[in-house]
Amino acid sequence: MPELPEVETIYLGLERLIKGKRFESVTFDVQKSFPNSYNEVDQFMINATVIGIQRRGKALLIELNSNYSLIVHLRMTGQLVYEGKEIRFGGGHPSSSLLNSLPDKSTRVVVTFTDGSKLYFNDQRKFGWMRLYPTSQINSLPFFAKLGPDPLDNLFTWQDLRQRLQKRTQSSIKSVLLDQGVVSGVGNIYADESLWGAQIHPATKVQALKIRDYKALYASLVSVLRLSIEKGGSTDRNYVNAEGKKGNYLEIAKVFRKEGQPCPRCGTEIIKIRFAGRGTHLCPRCQKVKTA
DNA sequence: CACTTGACCTGTCCGC
DNA sequence: TGCGGACAGGTCAAGT
């Protein structure tokens with residue numbers, strides 16, 4: 001669920017809220033959520049200062065001045081929430097937030113900074129993780145080494161998209177869009193939304209796509225991702241940003257979670273099917289399967 | 001080798 | 001009300 005726009009929103013929040021802060025202590029409940037040893041945490045995290053934050057695909061990198069970086073992947077239900085003098089939870093805090101008080105029962109890691117502020121890593125399903133790695137090794141970690149380009153990179157063009165998709169001509173377009181090695185950051189929500197925008201059926205084989213399809217898909221993907229960032233991302237179930245607030249993109253989504261409602265383009269009822277093992281939303285009239 | 005399916009988890013919702 | 005099962009969907013390992 002946290003896809004590119006959600007992780008970008010968290011990134012923007014962390015940039016403002018924790019950059020320059022120094023770690024005082026760290027506690028965690030299950031090793032799976034934070035697999036480093038106590039020794040590594042003591043040596044490379046405690047008393048280290050946050051010097052930079054990056055997003056790469058759906059992952060966050062928090063760079064420390066100890067030559068280590070903290071990598072965070074939220075997977076399905078992860079949250080990274082800040083609490084400090086600017087932001088408090090509970091105690092009658094008026095809330096567009098999903099959160100009442102922290103920590104809660106899904107809190108896996110609590111990081112405390114020297115100014116008393118805290119960063120909570122919550123993860124209901126425990127698929128997500130955060131982990132310290134030497135900064136110099138990050139680019140060679142398998143996850144990052146094979147990561148495709150960011151679709152919002154200024155240098156990324158429709159020709160790049162076409163060239164990368166065309167390495168997978170036998171596959172369906174939706175499966176390929178979800179492959180982080182082809183393009184990074186796209187998940188189930190924005191795959192469905194961008195394919196609707198480009199009027200391409202998710203099951204269409206890449207080999208059946210024409211030049212105009214690549215151009216349309218590129219334009220659609222970029223605009224959907226940008227629009228969602230403006231809206232603070234999508235809150236489907238439990239996504240919140242670094243301030244604990246929900247995103248608003250789903251209010252203006254065209255097909256995702258809109259089954260039974262009219263297609264904004266042609267009025268036909270949006271359907272939900274199961275495709276490539278996932279819930280897939282589309283307009284059966286605007287998005288026909290094309291064959292080569 | 002390319003692609004698809006199952007496992008990892010927990011909470012929610014639906015039907016009986 | 002309680003219970004079993006389907007479902008949610010990111011990534012990697014295992015299977016076809």
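Residue numbers start from 1 in every chain, and the chains themselves are labelled A, B, ... in the order their sequence lines are given, proteins ahead of strands.
A heavy-atom distance below 4.5 Å is found between the side chains of A:P202 and A:Q287. For the pair A:L14/A:V50, no side-chain contact is recorded, criterion being any heavy-atom separation below 4.5 Å from C-beta on. No side-chain heavy atom of A:L4 sits less than 4.5 Å from a side-chain heavy atom of A:V186.
Summarising the geometry, the separation between CD on A:E259 and P on C:dA8 is reported as 9 Å, rounded to the nearest angstrom. Here C:dC7 presents its C1' atom at 12 Å from CG of A:D236, a figure rounded to the nearest Å. Rounded to whole Å, the distance from CD on A:Q124 to P on B:dC8 is 18 Å. Atom CG in A:D29 sits roughly 13 Å away from atom C1' in B:dC9 (whole-Å rounding). Distance CD (A:Q31) to P (B:dC8): 19 Å, rounded to an integer number of Å. To the nearest angstrom, C1' of C:dT11 lies 12 Å from CZ of A:R125. In this structure, A:N122 places its CG atom 15 Å from C1' of B:dG11, rounding to the nearest Å. Note: CE (A:M130) to P (C:dG10) measures 21 Å, nearest angstrom.
Between A:R16 and A:E243 there is a salt bridge, since at least one side-chain N of the basic residue sits less than 4.0 Å from a carboxylate O of the acidic one. A salt bridge does not link A:D115 to A:K85: none of the charged nitrogens lies less than 4.0 Å from a carboxylate oxygen. A salt bridge links A:K174 with A:D192; the closest basic N to acidic carboxylate O contact falls under 4.0 Å.
Close to B:dC9, at under 4.0 Å from its OP1 or OP2, lies a side-chain N or O of A:K32. Residue A:Q180 places none of its side-chain N or O atoms closer than 4.0 Å to OP1 or OP2 of C:dG10. The phosphate of B:dC8 (OP1 or OP2) has no side-chain N or O of A:K126 nearer than 4.0 angstrom. Distances shorter than 4.0 Å separate none of the side-chain N or O atoms of A:K167 from OP1 or OP2 on B:dA2. Not one side-chain nitrogen or oxygen of A:R278 sits closer than 4.0 Å to the OP1 or OP2 atom of B:dT4. A sub-4.0 Å separation between OP1 or OP2 of B:dC3 and a side-chain N or O of A:R168 is present. Contact check, A:K205 against B:dA2: no side-chain N or O comes under 4.0 Å of OP1 or OP2. Side-chain nitrogen and oxygen atoms of A:H73 include none within less than 4.0 Å of the OP1 or OP2 phosphate oxygen of C:dG10.
Among the nucleotides C:dG9, B:dG11, B:dC3, the one closest to any side-chain atom of A:Q170 is B:dC3. Comparing C:dG9, B:dG11, C:dT11 by their closest approach to the side chain of A:R75 singles out C:dT11. For A:N188, the listed nucleotide lying nearest its side chain is C:dG10; candidates were B:dT4, B:dG11, C:dG10. For A:K146, whose side chain is taken as the heavy atoms from C-beta onward, the closest listed nucleotide among C:dT11, C:dA8, C:dC12 is C:dC12.
When each of A:F143, A:F127, A:F34 is paired with A:H73, the ring-ring contact (aromatic ring centres under 6.0 Å, His included) condition holds for A:F143 and for no other.
Residue A:F275 is classed as having no contact, given no heavy-atom separation below 4.0 Å to the nucleic acid. Using a 4.0 Å heavy-atom cutoff across all strands shown, A:G277 reaches no nucleic acid atom at all. Among the heavy atoms of the strands lying under 4.0 Å from A:R257 are primed sugar atoms or P, OP1, OP2 only; no base atom is included.
Summarising the base pairing, C:dA13 is matched to B:dT5 through a Watson-Crick or G-U wobble pair whose two defining distances lie under 3.5 Å.
Taking for each of A:K272 and A:A59 the nucleotide of DNA chain C with the nearest heavy atom, the 5'-most of the two is the partner of A:K272.
By the 5.5 Å and 30° criteria, A:F127 is not stacked with the base of B:dC9.
As rounded to the nearest Å, B:dG11 and C:dT11 have P atoms that lie 22 Å from one another. The gap from the P atom of B:dC3 to that of C:dG9 amounts to 23 Å, rounded to the nearest Å.
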